[in-house]
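Just so you know, these numbers use all the heavy atoms, side chains as well, and skip hydrogens, waters and symmetry mates.
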Amino acid sequence: MKNIKAITLFVALVASATLAQAQGVTGDAKAGEKKNAMCIGCHGIEGYQASFPQIYRVPKISGQNGKYITAALEAYRKGDRMHPTMRAISGSLTDQDIADLSAYYEAHGKDAAATAPAQAEIPAQLKERMAVCVTCHGTNFNNTTDPANPRLAGQYADYLKVSLRAYQTEGNHMVGRANATMGAMAKPLSEGEIEQIASFLSSLPGELKTVSHAKFR
């Protein structure tokens with residue numbers, strides 16, 4: 001219990017720091033729509049699969065929290081996330097580009113009339129491992145406690161598995177994610193637990209989706 005409380009406090013401090021860094025640049029969704037040419041080739045095709053570091057469906061980003069998209073792109077740009085393609089793309093973006101794309105994808109395909117999913121019932125075998133997850137990702141894993149954290153409900157299971165494994169990876173210049181909070185969460189997980197967590201989260205109703213770009217319809 002002491003460990004969970006300590007991690008919860010650390011999560012809150014990291015989230016506050018992330019928000020502070022993200023302030024200062026205002027995103028324009030309309031401008032973002034004109035800047036997404038490098039995004040639509042993967043994220044604008046439903047079910048599109050990446051092949052590195054293994055075959056998996058690229059994440060649904062339409063409806064994702066804008067501040068999280070900003071944080072993720074900045075992490076790729078700084079090298080805290082090591083995926084080569086995403087590092088190259090993010091490295092070509094300015095702060096304003098990132099803000100505009102984040103605003104665009106947060107609003108993209110969103111249904112204003114949609115009701116928030118109910119609180120998710122975490123499976124009994126995962127409750128101990130996932131008890132602290134709701135601190136950041138919300139009790140339904142869709143309405144996050146902080147917009148700098150990602151929505152996970154309904155995300156592709158294979159992408160979630162790749163992400164958790166990346167947080168477990170250290171010292172690899174091609175694969176891995178340097179995030180102290182998620183590293184602490186992911187590193188104790190067994191492969192079986194990763195499979196179960198990803199399957200559970202992907203089964204939940206949420207606002208994430210892939211909106212097929214007109215070019216690929």
Side-chain angles (χ1 to χ4, degrees), residues 1-22 42-43 49-61 64-65 67-93 98 102 122 125-137 141 144-146 148-152 155-202 208:
M1 183 62 71
K2 288 183 178 179
N3 288 338
I4 290 177
K5 289 181 177 179
I7 291 171
T8 300
L9 176 60
F10 182 67
V11 165
L13 292 173
V14 170
S16 297
T18 302
L19 272 176
Q21 292 174 356
C42 295
H43 299 286
Q49 292 180 313
S51 58
F52 179 85
Q54 61 196 63
I55 296 175
Y56 64 97
R57 285 169 293 180
V58 300
K60 304 173 185 179
I61 60 173
Q64 184 58 274
N65 289 333
K67 285 188 177 180
Y68 167 71
I69 294 175
T70 293
L73 288 171
E74 288 177 346
Y76 283 119
R77 191 167 60 176
K78 291 188 298 183
D80 289 340
R81 292 191 178 196
M82 302 302 294
H83 192 282
T85 303
M86 286 303 304
R87 287 198 66 190
I89 290 172
S90 62
S92 70
L93 301 174
I98 289 176
S102 298
I122 299 174
Q125 69 270 26
L126 296 176
K127 281 188 175 179
E128 184 175 353
R129 285 295 192 200
M130 297 188 71
V132 74
C133 298
V134 298
T135 304
C136 290
H137 301 290
F141 297 93
T144 60
T145 57
D146 188 311
N149 302 320
R151 292 175 166 174
L152 301 177
Q155 186 59 271
Y156 290 126
D158 45 359
Y159 167 73
L160 293 171
K161 287 186 282 188
V162 166
S163 298
L164 286 170
R165 292 176 189 135
Y167 287 118
Q168 292 179 326
T169 303
E170 293 182 350
N172 188 318
H173 72 284
M174 297 289 284
V175 180
R177 295 184 179 185
N179 180 292
T181 304
M182 283 304 304
M185 296 290 98
K187 286 173 184 175
L189 298 175
S190 68
E191 185 60 27
E193 288 170 330
I194 288 176
E195 293 273 352
Q196 290 177 323
I197 290 170
S199 178
F200 164 63
L201 291 172
S202 69
L208 296 177

Under 4.0 Å between a side-chain nitrogen and a carboxylate oxygen: does that hold for Lys161 and Glu191? no
Leu126 and Glu193 have their tightest heavy-atom pair at CD2-O, 4.5 Å
request  = Please tell me if the side chains of Phe52 and Met174 come closer than 4.5 Å, counting only heavy atoms from C-beta onward.
outcome  = yes
* Within-4.5 Å side-chain heavy-atom neighbours: Met82 and Thr169 -> no
In short, Ala50 meets Val58 closest at the heavy-atom pair CB-CG1, 3.9 Å
Of all heavy-atom pairs linking Arg77 and Ser90, the shortest is N-OG, 3.1 Å
query: Under a 4.5 Å cut-off applied to non-hydrogen side-chain atoms, are Gln54 and Val162 in contact?
result: yes
Exercise for the section: Could you tell me whether a side-chain N or O of Asn149 sits under 3.5 Å from a main-chain N or O of Cys136, the two making a donor and an acceptor? Expected result: yes
Shortest non-hydrogen pair, Pro188 vs Gly183, comes out as CD-O, 4.4 Å
ask   = Are any of the side-chain heavy atoms of Phe141 and Ile122 separated by less than 4.5 Å?
value = yes
Side-chain (Ser199) to main-chain (Gln196) donor-acceptor, under 3.5 angstrom: no
Decide yes or no for Met86 and Leu73: does some side-chain heavy atom of the first lie under 4.5 Å from some side-chain heavy atom of the second?
-> yes
Taking every heavy atom of Ser92 against every heavy atom of Ile89, the minimum-distance pair comes out as OG-O, 2.6 Å
### Query
With side chains defined as the heavy atoms from C-beta onward, is the minimum distance between Ser102 and Lys67 less than 4.5 Å?
no
Do the side chains of Arg177 and Ser163 get nearer than 4.5 Å, heavy atoms only? yes
*asked:* I'd like to know if the side chain of Asn65 and the backbone of Tyr68 have a donor-acceptor N/O pair within less than 3.5 Å.
replied: no
>> Could you tell me if the side chain of Pro59 sits less than 4.5 Å from the side chain of His43, heavy atoms only?
In response: yes
Rounded to the nearest 0.5 angstrom, the OG-CD distance for Ser190 and Gln168 is 9.0 Å
So CZ of Arg81 and CG of Asn179: to nearest 0.5 Å the spacing works out to 7.5 Å
d(Asp158 CG, Glu195 CD) to nearest 0.5 Å is 10.0 Å
query = Do we get Arg57 above Tyr159's six-membered ring, with its NZ or CZ under 6.0 Å from the centre and within 45° of the axis?
reply = no
Rounded to the nearest 0.5 angstrom, the CD-CD1 distance for Glu74 and Ile69 is 12.0 Å
d(Leu160 CG, Tyr56 OH) to nearest 0.5 Å is 11.5 Å
Rounding to 0.5 Å, atoms CD1 (Ile197) and SG (Cys133) come to a distance of 6.5 Å
**Request:** Please confirm whether the backbone N or O of Leu208 pairs with a side-chain atom of Gln64, one donor and one acceptor, at under 3.5 Å?
**Result:** no
Next on the checklist: Tell me if a side-chain donor or acceptor on Thr145 pairs with a main-chain N or O of Thr135 at a distance below 3.5 Å.
Outcome noted: yes
